[in-house]
Amino acid sequence: QLQLVESGGGLVQAGGSLRLSCAASGRTVRNYAMAWFRQTPGKERAFVAAISWSGGGASYAESVKGRFTVSRDNARNTVYLQMNSLKPEDTAVYYCATGPTGWSTGRYEYWGQGTQVTVSS
């Protein structure tokens, strides 16, 4: 059973940086795209970034372009989200996700439990 565990969330001041990690276990994800989503109370989960299985392709939500960078280490079965120039509106629970058709469909089968990111003004 594939499991995803996020880490690296926390409290940071506006303008600061955080690096989220998502480690997969149970099976390899080297052939799957991996993605980050975020959710705030009362709102639907929103796409943040995705990276192709090889790491050669990446996509970002407009709201984070130029500030966030997604990367992966297939040897470690891990995906990262480097978040710079954080804003209070980036406050959310961040989830990583993966699955065999995610890159082409935007739909992911496997999800982590989430990590809270809070940006203070």
Side-chain angles (χ1 to χ4, degrees):
Q1 180 73 13
L2 176 61
Q3 291 188 324
L4 302 174
V5 178
E6 302 96 335
S7 61
L11 173 64
V12 64
Q13 288 189 333
S17 298
L18 280 176
R19 188 194 195 204
L20 305 183
S21 299
C22 173
S25 62
R27 61 181 295 182
T28 182
V29 294
R30 67 181 63 197
N31 294 322
Y32 295 169
M34 299 192 76
W36 289 94
F37 289 74
R38 64 188 182 187
Q39 188 171 26
T40 54
K43 293 189 176 181
E44 291 189 357
R45 200 169 294 185
F47 171 78
V48 175
I51 187 166
S52 65
W53 69 271
S54 67
S59 63
Y60 298 91
E62 285 296 325
S63 59
V64 306
K65 276 184 180 178
R67 300 188 298 122
F68 290 11
T69 302
V70 61
S71 62
R72 67 189 296 163
D73 184 341
N74 282 341
R76 296 177 183 269
N77 242 15
T78 300
V79 65
Y80 306 95
L81 186 67
Q82 177 66 43
M83 305 186 295
N84 299 328
S85 302
L86 283 161
K87 305 175 181 179
E89 51 263 43
D90 294 318
T91 295
V93 177
Y94 283 71
Y95 299 89
C96 72
T98 191
T101 63
W103 188 251
S104 58
T105 67
R107 293 190 293 272
Y108 296 86
E109 295 179 30
Y110 305 98
W111 294 82
Q113 83 291 346
T115 185
Q116 176 71 47
V117 171
T118 303
V119 184
S120 63
S121 56

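Keep in mind that this is a model prediction, so the values were computed, not measured.
Of all heavy-atom pairs spanning Ala24 and Leu2, the tightest one is CB-CD1, 4.0 Å. Closest non-hydrogen pair, Ser71 versus Val79, comes out as O-CG2, 3.1 Å.
One hydrophobic cluster holds both Leu81 and Leu4 under the rule that ILVMFWY side chains link at heavy-atom gaps under 4.5 Å. Linking ILVMFWY side-chain heavy atoms closer than 4.5 Å, directly or via other members, places Tyr80 and Trp111 in two distinct hydrophobic clusters. Grouping the Ile, Leu, Val, Met, Phe, Trp and Tyr side chains by contacts below 4.5 angstrom, directly or via other members, places Trp103 apart from Val70. Both Met34 and Val64 are assigned to one and the same hydrophobic cluster, defined by single-linkage of ILVMFWY side chains at heavy-atom distances under 4.5 Å.
Under the rule for a side-chain contact (heavy atoms from CB on, under 4.5 Å), the partners of Ser25 that lie at least two apart in sequence or sit in another chain are Gln3.
Atoms OG1 and CD, from Thr101 and Glu109 in turn, are 6.0 Å apart once rounded to the nearest 0.5 Å. Rounding to the nearest 0.5 Å gives a distance of 10.5 Å between CG of Asn31 and OG of Ser54. Atom CG of Leu18 is separated from atom CE of Met83 by 4.5 Å, given to the nearest 0.5 angstrom. Interatomic distance, Gln39 CD to Glu44 CD, rounded to the nearest 0.5 Å: 8.5 Å.
Legend: ring-ring contact (aromatic ring centres under 6.0 Å, His included) pairs involving residues 40-77, not counting sequence neighbours, sorted by first then second residue: Phe37-Phe47.
Distance alone, capped at 3.5 Å, is enough to place a donor-acceptor pair between the Asn77 side chain and the Val29 backbone. Side chain of Glu6 to backbone of Gly114: a donor-acceptor contact under 3.5 angstrom is found. The backbone N or O of Ala23 lies less than 3.5 Å from no partner atom in the side chain of Arg76, so there is not a single donor-acceptor pair.
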Per-pair distances, 0.1 Å, donor-acceptor, side chain in residues 90-98, under 3.5 Å, sequence neighbours excluded:
residue : atom : partner : partner atom : Å
Asp90   : OD1  : Arg38   : NH1          : 2.9
Asp90   : OD1  : Arg67   : NH2          : 3.0
Asp90   : OD2  : Arg67   : NH1          : 2.7
Asp90   : OD2  : Arg67   : NH2          : 3.4
Asp90   : OD2  : Lys87   : N            : 2.8
Thr91   : OG1  : Pro88   : O            : 2.9
Thr91   : OG1  : Val119  : N            : 2.8
Thr91   : OG1  : Val119  : O            : 3.4
Tyr94   : OH   : Arg38   : NH1          : 2.9
Tyr94   : OH   : Asp90   : O            : 2.6
Thr98   : OG1  : Ala33   : O            : 2.8

